[in-house]
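Working notes, structure below.
Proteins get letters first, then strands, A, B, ... in listed order; numbering begins at 1 in each.
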Amino acid sequence: MEDTNSLIEQRRQNLAGLNARGVNPFMNSFSPDAQCGTVRTELARWAEWNKSPEPKGEPVGLAEGARVRLAGRITAHRDMGKSQFLDLRDVSGRIQLWVQPKVLGEDAAEIFKLLDLADFIGIEGTLFITRMGEPSVKVESFTPLGKSLRPPPGKWHGLEDTEIRYRQRYLDLMANEPIREVFLKRSHILKEIRSFFHLRGYVEVETPMMQAIPGGAAAQPFKTYHNALGCEFYMRIALELYLKRLLVGGVDKVFEIGRNFRNEGLSRRHNPEFTMLEAYEAYGDYATMMETVESLIRHIALTVVGTLKIEHRNAEGEVFKTIDLSHWRRARYKDLVCEKAGDDWFIVSPEERRRRAVEDLKLSGDIAAGYQDFEVTAAVFEKLVEPTLIQPTFVTHLPKQLVPLAKISAEDPTTVEVFECCINGQEIAPGYTEQNDPIAQREALEYQAGGEQQKLDEDFLVALEHGMPPAGGIGIGIDRLCMMLLGQESIRDVILFPQLKPKV
RNA sequence: GGGUCGGUAGCUCAGCGGUAGAGCAGCGGCCUUUUAAGCCGUUGGUCCAGGGUUCAAAUCCCUGCCGACCCA
């Protein structure tokens, strides 16, 4: 980061000028009595009311002539000579300031000249509407609050350099309004998830991120070392095994929202750390959890986005994809595979399936030589079916080999009581009837560990032996959920600080 | 890991062998209700880094770094 350029030098000189006049440009605090965007909205509403020839009712909120104290960042400056207009922005939005040096007085006018675009200031003044109808504040006094020593990104194009946007997200948030919206809505989504589960009587918990044995999923973990204990730990790859311990302990409805870490590739859909929701409900099953997922996502869409029809737009602002959350399809895994691979897919021999997958369906790159038969079918599902599941779909009756830790379905013993909820061409939420038989669970985990005894979470198995109630469970990838709901095609646009290679 | 594209002023970009450019921002003027304000003037560069080719390289070649997208 180059520290010497003329723009920075000018700002440092203005800073020195403020200091020379005994003005502290970095105040400890300021007490605004309103927010910029809120004031602008209310004053605009008043203007609308006032303009009507026969105003109905009484105006609510702020009106012309009201005094306000506001604080924010200066984001625009229009110099009219004896009269200047600034935009002041806080988290709620922006409002226009009208500054006349003669109103401020000579000293304050001198100090005003030393302000720069992007400085934080506090102001006090009265509300009025300009000739052009813009809600504004006539500034009577101001206080520098936090000087900016670097030039902000441009006002026209905002900030488009993706690398700077991700590495210096504060600049992205400063310059790009839609990005700010995405992250404010992400916060709102998290809030609605919590209130949804609390309303249903769930308990929110926090479980260890550092684990001696990383369990609950098949993924490469990150490794770390604890000096005082003198042993290695892994960053968790899933929340599951600790939440199930809590079912054993008697917390019947439990959920956690937290970070998982997977030491794998980065892509538009993968960040090494990502946010997961897992929820478990005693005495429920996978059907209970299907209802839960559907209700939850409908609730979030309505409260945060305001609609069940989610539109995704391209750079030109045209809608290229609409996700309709008012209809949730349920389909069997086998049926979906047959739709893409032929009705006789499960009738022909395994050798023929492999040949068709490689030759007819052109999946040679996705099918390793050592793949078992069910993995060949899984490749068809993952590559040809899942990306087409744009509309919400619960995929059910998954083959038991695919999900070895799940409970066998009573109606079809070749399948398990598991669903994968796919929306937007991605798996958003898997759900299970959870295994509560400690003997079956031990066998499955031993098989999965492939004889490596040190990978067995013995304490988890002991917990199950103490008795776990039957339960339904779900996991929801929060980042992918946000992508779907907020119309973002890259996970980096819903994670504030996505992982990038450090710059040396 | 492979391929494609990109990295030039604070921002957005043009230039693609022959003096380093534009718009905006900034700075100096003019303008007492402007809003992508306007008008006049003006400052600002390790052209990602390193090597090579050439009389001459931002430009062509090689290597590296970082990023985006596609594929694995």
Side-chain angles (χ1 to χ4, degrees), chain A residues 1-14 17 36 40 43-44 47 64 74-89 93-104 109 113-119 125-139 148-177 264-271 314-315 358 362-369 371 379 382-383 387 488-493 497-504:
Chain A
M1 196 82 41
E2 191 50 63
D3 262 334
T4 52
N5 75 48
S6 60
L7 298 175
I8 291 176
E9 193 42 46
Q10 282 163 13
R11 284 165 182 262
R12 287 190 178 274
Q13 279 170 16
N14 287 342
C36 300
R40 184 172 188 272
L43 189 55
E64 199 161 43
I74 302 170
T75 57
H77 180 208
R78 295 176 287 282
D79 187 349
M80 292 286 297
K82 295 198 171 58
S83 164
Q84 314 204 9
F85 295 91
L86 309 181
D87 284 348
L88 192 68
R89 176 180 283 285
R94 66 161 192 100
I95 191 161
Q96 174 167 272
L97 305 182
W98 186 39
V99 177
Q100 296 163 285
K102 71 170 187 191
V103 170
L104 296 178
K113 283 187 194 161
L114 298 171
L115 296 179
D116 288 299
L117 215 53
D119 285 2
T126 48
L127 302 182
F128 77 107
I129 307 281
T130 66
R131 199 180 287 165
M132 301 302 289
E134 178 73 23
S136 307
V137 186
K138 183 178 174 182
V139 174
S148 163
L149 295 178
R150 288 175 184 270
K155 63 173 180 179
W156 271 29
H157 305 89
L159 181 66
E160 296 189 1
D161 184 312
T162 45
E163 192 173 347
I164 299 179
R165 286 188 46 228
Y166 297 148
R167 285 191 198 278
Q168 295 176 274
R169 181 69 90 180
Y170 44 91
L171 296 178
D172 194 23
L173 293 166
M174 226 185 270
N176 299 328
E177 169 98 45
E264 293 164 2
L266 286 72
S267 82
R268 245 161 40 119
R269 297 172 169 206
H270 299 86
N271 196 60
N314 62 19
V358 171
K362 313 213 182 309
L363 292 175
S364 56
D366 304 298
I367 293 174
Y371 268 19
E382 197 180 310
K383 294 294 168 184
Q488 300 301 314
E489 308 310 313
S490 169
I491 198 169
R492 299 185 193 100
D493 292 322
F497 299 100
Q499 205 58 248
L500 296 183
K501 196 159 179 173
K503 223 165 185 173
V504 276

Without swapping roles, check the side chain of [X] against the backbone of [Y] for a donor-acceptor pair under 3.5 Å.
| X | Y | result |
| --- | --- | --- |
| A:Glu64 | A:Ile129 | yes |
| A:Asn176 | A:Leu159 | yes |
| A:Asn271 | A:Gln499 | yes |
| A:Arg11 | A:Ser148 | yes |

Please report, rounded to the nearest Å, how far the [atom2] atom of [N] is from the [atom1] atom of [X].
| X | N | atom1 | atom2 | answer |
| --- | --- | --- | --- | --- |
| A:Leu86 | B:rA36 | CG | P | 16 Å |
| A:Leu171 | B:rU12 | CG | P | 10 Å |
| A:Lys501 | B:rG64 | NZ | P | 12 Å |
| A:Leu7 | B:rU42 | CG | P | 18 Å |
| A:Gln10 | B:rC27 | CD | C1' | 6 Å |
| A:Lys113 | B:rG26 | NZ | C1' | 17 Å |
| A:His77 | B:rG10 | NE2 | P | 22 Å |
| A:Asp161 | B:rC5 | CG | C1' | 14 Å |

Identify each atom pair where a protein N or O and an N or O of nucleotides 32-35 of chain B are less than 3.5 Å apart, giving names and distance.
from: B:rU32; atom 1: O4; to: A:Lys102; atom 2: NZ; distance (Å): 3.3
from: B:rU33; atom 1: O2'; to: A:Arg131; atom 2: NE; distance (Å): 2.9
from: B:rU33; atom 1: O2'; to: A:Arg131; atom 2: NH1; distance (Å): 3.4
from: B:rU33; atom 1: O2; to: A:Arg131; atom 2: N; distance (Å): 2.6
from: B:rU34; atom 1: O2; to: A:Arg78; atom 2: NE; distance (Å): 2.7
from: B:rU34; atom 1: O2; to: A:Gln96; atom 2: OE1; distance (Å): 3.4
from: B:rU34; atom 1: N3; to: A:Gln96; atom 2: OE1; distance (Å): 2.6
from: B:rU34; atom 1: N3; to: A:Gln96; atom 2: NE2; distance (Å): 2.8
from: B:rU34; atom 1: O4; to: A:Gln96; atom 2: NE2; distance (Å): 2.2
from: B:rU34; atom 1: O4; to: A:Thr130; atom 2: OG1; distance (Å): 3.0
from: B:rU35; atom 1: O4'; to: A:Arg78; atom 2: NE; distance (Å): 3.3
from: B:rU35; atom 1: O2; to: A:Arg78; atom 2: NH2; distance (Å): 3.4
from: B:rU35; atom 1: N3; to: A:Glu134; atom 2: OE1; distance (Å): 3.4

Side-chain contact, heavy-atom cut-off 4.5 Å: A:Pro498 with A:Arg169?
-> yes

Do the side chains of A:Met174 and A:Arg89 get nearer than 4.5 Å, heavy atoms only?
-> no

Would A:Arg94 and A:Glu177 pass as an ion pair if we require N to O under 4.0 Å?
-> no

To the side chain of A:Asp79, which of B:rC27, B:rC31, B:rC66 is closest?
-> B:rC31

Write down the distance separating the [atom1] atoms in [N] and [M], rounded off to the nearest Å.
| N | M | atom1 | value |
| --- | --- | --- | --- |
| B:rG28 | B:rG44 | C1' | 15 Å |
| B:rA49 | B:rU8 | P | 10 Å |
| B:rC11 | B:rA25 | P | 15 Å |
| B:rG41 | B:rA58 | P | 31 Å |
| B:rG15 | B:rU19 | C1' | 14 Å |
| B:rC24 | B:rC61 | P | 35 Å |
| B:rG3 | B:rU63 | P | 11 Å |
| B:rG17 | B:rU59 | C1' | 6 Å |

Would you mind pulling out the nucleotide paired to [N], Watson-Crick or G-U wobble, both distances under 3.5 Å?
| N | result |
| --- | --- |
| B:rC47 | none |
| B:rU4 | B:rA68 |
| B:rG21 | B:rC13 |
| B:rG26 | B:rU42 |

Name the nucleic acid region contacted by A:Gly265, choosing base, sugar-phosphate or nothing; use a 4.0 angstrom heavy-atom cut-off, strictly under.
-> nothing

What heavy-atom pair brings A:Arg167 and A:Leu500 nearest, and what distance separates the two atoms?
-> CG-CD1, 3.5 Å

Would you say A:Arg492 reaches B:rC69's phosphate, i.e. side-chain N/O to OP1/OP2 under 4.0 Å?
-> yes

Do the side-chain N or O atoms of A:Arg167 get closer than 4.0 angstrom to the phosphate oxygens (OP1, OP2) of B:rG67?
-> yes

Between atom CD of A:Gln96 and atom SG of A:Cys36, what is the distance when rounded to the nearest 0.5 Å?
-> 12.5 Å

Starting at the 5' end of RNA chain B and moving along, which residue's nearest nucleotide shows up first, A:Leu266 or A:Gln499?
-> A:Gln499

Assign each of A:Leu159 and A:Leu115 the nucleotide of RNA chain B bearing its closest heavy atom; nearer the 5' end lies the nucleotide of A:Leu159

